[in-house]
Amino acid sequence: MSAISESPSRDEAAGKGLKGGALGLLSSVVVGVASTAPAYSLAASLGFVVATTDGDGIVGVKAPAIMLLAFVPMFLIALAYQELNKAEPDCGTTFTWSARAFGPWVGWMGGWGIIAADVIVMANLAQIAGSYGFKLMGVFGWDSAAGLADSSLWTTVAGIVWIVVMTYICYRGIEVSARLQYGLLATEVVVLVIFSVIALGKVYAGDAPEGSLHPSLGWLWPGGLTLNGMVTATLIAVFIYWGWDTAVAVNEESDDPGTTPGRAAVLSTLLLLATYAIVSTATVAFAGVGTSGIGLGNPENSDDVFQALGANVFGSGAFGTVMEALLVISVLTSASASTQTTILPTARTSLSMGSFKALPTNFARIHAKHQTPVDSTLWMGGVSILFYVGLTLISENVLADSISALGLAIAFYYGLTGFACAWFYRHDLFTSGRTLLLRGVAPLLGGLLLLAAFVIACFQYADPNYGETSIAGIGSVFVLGIGTLAFGVVLMVIYSRFAPEYFKGHTLPRRHSRNLFGQEVVAEPIPDPLEHRDAP
């Protein structure tokens, strides 16, 4: 007998067959924070934030201020997720809500934004996981394995293995995924806290290397930064925060789909703010922003600030060796956790799109035992491997630029969610001060901030001198970012010719928070996504 469910009841996770009630508030917060991969995100991006060109200088010691600036639109959009989730806790999130607010075409592109961003980042997560796996072997004395960390072939092989393993874990069930996240997240947070405490302790004790700086409150204020420097650095930092929306993407598997996921999203952004502010301040203080040695202004340190600082912070004794190994482990587990939690929202977005016939309906298939989206999960893993291998074969420089291109996709679908919230609740906005603020002003401001960042970044990214390489005289960061969104438009138009029902608004019609009689609209029953399924 096939393991694919043929007819789950409609009261199971709004009719999709996902395992409702599997996640509480704590589990949802853990999934949301783990999805951002704090240790990996800081390792891969903090150096680039510090070294971002700012007029005749660099952002430098203002990096903590950039972390605060990036938090503002993230928090505003988290509020939009919370309010829209109350109206319709659907795992399609931006796809579903944008379609409700603006129609099927905009909704489809919102879903594509999620899928595209997640596939792109999977290549980078796999790369760092594969590389750090070999580095960890080197820390424990296996020098021959450590050398493989610089081999494109072997890091790619290891990265593919990571994707396969994490895809399998997601396939096995949401509870298995959540339990694994507890251990992975705990490891990286504890190590980051110890790293920050020791680094700051050495700075104030006068034991830090030459070039170290005493922290100042001025580091938390962006005064003195140019507009271009501020926007470029903030868009990089937006990537550092990105991922908390996974807490909402698993809403149909929550114990209280209407409230728990939204609260988890808001709490996740607050916890990330505290983590990033502390770690970035400690790192800048210890290493300084010089352009040589361990200084964060040194381009050689931008790719991985923790690798450059680990031995200096922890020392060379037995304790230092253990902590340096744990720092490597924390980045490895961070990338691994994010690889897994990146698959979760993408699979659920495509599940929802399949349910509403915005994608082939096979994407809505649910495993009878594990209650996970079968085709959606497996396709996410497979496409991620193909994309990763493809970029690696083209050029490692293109792979490096893809991480910057992510900012455009993130700004696109997060910003779209903010606009969708304000428009969806437009008839409610003046019923109370809370409603005006949380459902109108905050989401709209978040959307506008991200739209402005998107437009300014496009001009900067198009410069052939921006990033690692260029394509046809245009910066590859721009080509990858805008090209990915444009490719989505092409796919959407083609698919609309074969499956017009969704695009005519039949399966996911537009609506708003209140009807013509002023009555609040209750979320419509989701069409049975399994009607299309043939018996095996």
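All figures in this text were calculated on a predicted structure; none of them were measured in a lab.
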Mark yes or no for whether Lys62, through its side chain, and Leu220, through its backbone, hold a donor-acceptor pair below 3.5 Å. no
Minimum heavy-atom distance between Ala405 and Leu480, given as atom pair plus value: CB-CB, 3.8 Å
Hey, could you give me the CG/CZ distance between Leu296 and Phe286, rounded to the nearest 0.5 Å? 10.5 Å
Could you walk me through whether Phe71 and Tyr276 satisfy the ring-ring contact (aromatic ring centres under 6.0 Å, His included) test, starting with their C-alpha distance in whole Å, then the side-chain angles of each, then the deciding distance to 0.1 Å, before giving a yes or no? CA-CA 10 Å; Phe71 165 77; Tyr276 292 157; over 10 Å; no
Correct closest heavy-atom pair for Ile58 and Ala51 would be CG2-O, 3.7 Å
One pair to check against side chain to side chain contact (heavy atoms under 4.5 Å, CB included): Asn85 and Tyr81. What are the steps and the verdict? CA-CA 6 Å; Asn85 188 72; Tyr81 268 77; 5.9 Å; no
Distance (rounded to the nearest 0.5 Å) between Ile410 CD1 and Ile77 CD1: 12.5 Å
N/O donor-acceptor pair under 3.5 Å between Asn298 side chain and Gly293 backbone: yes
If we only count heavy atoms from C-beta on, is the Val121 to Trp242 side-chain gap below 4.5 Å? yes
Side chain Trp108, main chain Val493, donor-acceptor under 3.5 Å: no
So which atom in Ala237 and which in Val49 form the shortest heavy-atom distance, rounded to 0.1 Å? N-CG2, 4.4 Å
Test side chain to side chain contact (heavy atoms under 4.5 Å, CB included) on Phe75 and Leu273 and set out the steps. CA-CA 10 Å; Phe75 182 71; Leu273 171 65; over 6 Å; no
Could you state the interatomic distance from CG (Leu217) to CH2 (Trp221), rounded to the nearest 0.5 Å? 13.0 Å
Criterion side chain to side chain contact (heavy atoms under 4.5 Å, CB included) on Leu42 and Val305, from CA distance to verdict: CA-CA 8 Å; Leu42 285 167; Val305 296; 5.7 Å; no
Main-chain N/O of Pro38 paired with Ser41 side-chain donor or acceptor, under 3.5 Å: no
Taking atom types as modelled and ignoring hydrogens, do the side chains of Thr226 and Asp54 form a donor-acceptor contact shorter than 3.5 angstrom? yes
CZ-OG1 distance between Arg348 and Thr377, expressed to the nearest 0.5 angstrom: 6.0 Å
Within the structure provided, determine whether Pro261 and Val250 are in side-chain contact (heavy-atom separation under 4.5 Å). no
Taking atom CD1 of Ile114 and atom CE of Met109, what is their separation to the nearest 0.5 Å? 11.5 Å
State, to 0.1 Å, how close Ala285 and Leu200 come at their nearest heavy-atom pair, and which atoms those are. CB-CD2, 4.2 Å
Side chain to side chain, Leu445 and Val72, heavy atoms closer than 4.5 Å: no
So how far is it from Thr417 OG1 to Asp245 CG, rounded to the nearest 0.5 Å? 8.0 Å
Is a donor on one side and an acceptor on the other found under 3.5 Å between the side chain of Ser280 and the backbone of Ala277? yes
Atom CH2 of Trp379: over 12 foreign heavy atoms under 6.0 Å: no
Trace of the ring-ring contact (aromatic ring centres under 6.0 Å, His included) decision for Tyr414 with Trp244: CA-CA 11 Å; Tyr414 271 178; Trp244 51 262; 5.0 Å; yes
Quick one: does Thr52's side chain have a donor or acceptor within less than 3.5 Å of a partner on Phe48's backbone? yes
Please name the pair of heavy atoms, one in Met74 and one in Leu450, separated by the smallest distance, quoted to 0.1 Å. CE-CD2, 4.4 Å
Kindly give the heavy-atom pair with the smallest separation between Gly113 and Ala409, and that separation in Å. O-CB, 4.3 Å
Any side-chain heavy-atom pair from Ser268 and Tyr241 closer than 4.5 angstrom? no
Flag the pair Ile343 / Met122 as yes when at least one side-chain heavy-atom distance between them is below 4.5 Å, and no otherwise. yes
May I ask you to test the Pro209-Ile294 pair for a side-chain heavy-atom distance under 4.5 Å? yes
Short question: side chain of Ser350, backbone of Ala347 - any donor-acceptor pair under 3.5 Å? yes
Using side-chain heavy atoms (C-beta onward) and a distance below 4.5 Å, is Leu79 in contact with Gln82? yes
Heavy-atom count check: over 12 atoms from other residues, nucleotides or ligands less than 6.0 Å from Leu153 CG? yes
Could you give me the CA-CA distance, side-chain angles and deciding distance for Thr283 and Leu46, then say whether side chain to side chain contact (heavy atoms under 4.5 Å, CB included) is met? CA-CA 9 Å; Thr283 305; Leu46 180 56; 3.8 Å; yes
Is there a side-chain contact between Val191 and Ile194, using heavy atoms and a 4.5 Å cut-off? no
Answer with yes or no after comparing the ring centroid distance for Tyr413 and Trp112 against a 6.0 Å cut-off, counting only values under it. no
Taking Lys202 as the fixed residue, which of Val197, Val313, Asp207, Asn312 is the one that meets the side-chain contact (heavy atoms from CB on, under 4.5 Å) rule? Asp207
Is there a donor-acceptor contact under 3.5 Å from the side chain of Asn251 to the main chain of Val248? yes
Determine whether a donor-acceptor pair (N or O, by modelled atom type, separation under 3.5 Å) exists between the side chain of Thr232 and the backbone of Gly229. no
